[in-house]
Protein chains: 2
Amino acid sequence: MTSDVPPKRSRAENVYQALRDAILEQNLKPGTKLSEDVIAGEFKVSRTSVRAALQQLRGDGLVDHQANRGAFVAEPSAENARDIFSLRRMLESEVIRRLAGNLKPDDVKRLRKHVEQEERARPVNGPLSIRLAGEFHILLAELTGSQVLTRFVSETVSRSSLILARFARLHSSECAVDEHVRIIAALQAGDASTAEALMLHHLESVAVRADLRAPNSDGDTAAILKRYARALPT
Amino acid sequence: MTSDVPPKRSRAENVYQALRDAILEQNLKPGTKLSEDVIAGEFKVSRTSVRAALQQLRGDGLVDHQANRGAFVAEPSAENARDIFSLRRMLESEVIRRLAGNLKPDDVKRLRKHVEQEERARPVNGPLSIRLAGEFHILLAELTGSQVLTRFVSETVSRSSLILARFARLHSSECAVDEHVRIIAALQAGDASTAEALMLHHLESVAVRADLRAPNSDGDTAAILKRYARALPT
DNA sequence: CATACAATGATTGTGTACAATAATGTACAC
DNA sequence: GTGTACATTATTGTACACAATCATTGTATG
């Protein structure tokens, strides 16, 4: 954790991380086409590595892969969004229940450190702030020690980011930092029900921010153009 | 669902399906090395396609991938096993709650059909029977209409199969078919609490079958050899 | 003028060759 | 005889080239 030898990740892994970050920071927006050639050129690697990265992203549900047509940043439907938020409530409630009163001093330290990062990033770096907000929830899951729970939380949180990119009115971070702080406090105090209530409230405020009736940008090019078609002579 | 045009899956997809089936039918046991060359030769495809398939399996958690060393059928640890069973209880309870009283006639038909398949396979084909038992649970999840829930159930069920391959005493199917039947009945009757109790009992009987203290074969070569090392002169 | 069809272009799917890395076998020194 | 260092071998990681497939555009025809 301190200063290991350079991990020497494979090229595919590097590309994967970069693309994932870009998506989670909402710099690559839902629906964007991810051309293998373009990415390979940009990263100075072969298409082989890019394909591997894209496949991994597909496994995470961040990318949709259409046969012979290519990869696109996933566009969660409104129904899918409701689905994911529902699952998030279930999963993260479980996280809270497992954590309440069981946080080790080291855990608290990690959480505080992360929140500090969030506070530092908030005024300066919008995209980074968005990603860090999501990673707070993933960190909580990690502290349960359950690999599988972590994996599932990670997946739903990541896809929430996509949902907000598509449906949120203001292009804002997903979470309020002070709510994170309060959750930590309740967990530390061992107050399970308060912590769970806080988390559910927190998630609710995220879900509310999404207006599932109106996709932000290209919810189909066709749907957008309908508004302009009226201006044309019939 | 009846007779679509030939789906024309890609080669990577074909290899993926075949390997996945083999693992879920416990013909490829945990710890088995999955050599790219060997698989490529067997399926008469290039290593490229095999690599793609292996990566997808890694995404499912069925395969562990060690850098520059290759892919191996995953060997869930005892801790991991407890973790997964715990999550399964949570996820499948949710499935039951969502389904109780909401089964459409078509859904019931599909469930019955599946159970029939199970009954046919049981005396004849052990491995197939194992796989079908797992797929019953996945089918239940599908009927909720929640893609994400289905995905998570699918993953935990699949890994349960690995766990049983590693820890179960008798090389047996995971589920008793008649318990499946009773769950369907309770769901159809809209009796949520009975259905949930049945499911939890059902999952419990699966978990019990695993003796988490004694891995079946190679739970680390090292761990095994410790018992023999004592025989050597110090 | 709308529709169906065919050629074209671009992009992905696949196979093969090479480079890098880790595991294994062997020889040598102590 | 034992342990270490080196050479060998096998396997994965990567790049590149070709084949297959699909979308689009242009053209002909009703």
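Order of the sequence lines fixes the chain letters, A, B, ..., with proteins taken first and strands second; residue numbering starts at 1 for each chain. Quick note: numbers below take in every heavy atom, side chains included, and nothing from hydrogens, waters or symmetry partners.
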Nearest-Å distance, [atom1] ([X]) to [atom2] ([N])?
X: Arg11(B); N: dT12(C); atom1: CZ; atom2: P; result: 19 Å
X: Lys44(A); N: dA15(D); atom1: NZ; atom2: P; result: 12 Å
X: Glu36(B); N: dG13(D); atom1: CD; atom2: P; result: 6 Å
X: Gln55(A); N: dG13(D); atom1: CD; atom2: P; result: 14 Å
X: Phe72(A); N: dT11(C); atom1: CZ; atom2: P; result: 11 Å
X: Asp37(A); N: dA17(D); atom1: CG; atom2: P; result: 13 Å
X: Asn14(A); N: dA15(D); atom1: CG; atom2: P; result: 11 Å
X: Arg9(A); N: dT12(D); atom1: CZ; atom2: C1'; result: 19 Å

Comparing Ser49(A) with Ala67(A), nearest DNA chain D nucleotide closer to 5' gives the residue Ser49(A)
When the nearest nucleotide of DNA chain D is assigned to Thr48(B) and to Ser35(B) on a heavy-atom basis, which residue is associated with the more 5' position?
Ser35(B)
Which nucleotide, if any, forms a Watson-Crick or G-U wobble pair with dA7(D), using both distances under 3.5 Å?
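Partner of dA7(D): dT24(C).
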For the base of dG13(C), is there a side-chain donor-acceptor partner from Arg47(A) under 3.5 Å away?
yes
Contact class for Arg51(A) (heavy atom, under 4.0 Å): base, sugar-phosphate, or nothing?
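Result for Arg51(A) = base.
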I'd like to know if the side chain of Ser161(A) reaches the main chain of Val157(A), judged simply by a donor and an acceptor atom lying under 3.5 Å from each other, with no hydrogens or angles considered.
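Absent.
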Do Glu92(A) and His137(A) have side-chain atoms, one donor and one acceptor, less than 3.5 Å apart?
yes
Side chain of [X] only, please: which of [options] is the nearest?
X: Lys33(B); options: dT14(C), dT12(D), dA23(C); answer: dT12(D)
X: Ser46(A); options: dG13(D), dA15(D), dA23(C); answer: dA15(D)
X: Arg69(B); options: dA23(C), dT12(C), dA15(D); answer: dA23(C)
X: Asn68(B); options: dA15(D), dA22(C), dT14(C); answer: dA22(C)

Between Arg131(A) and Asp21(A), does any NZ, NE, NH1 or NH2 come within less than 4.0 Å of an OD or OE carboxylate oxygen?
yes
Once rounded to the nearest 0.5 Å, what's the spacing between atom CD1 of Ile23(A) and atom CG of Leu34(A)?
6.0 Å
Let me confirm one number: the CG-CD1 distance from Leu143(A) to Ile138(A), rounded to the nearest 0.5 Å.
12.0 Å
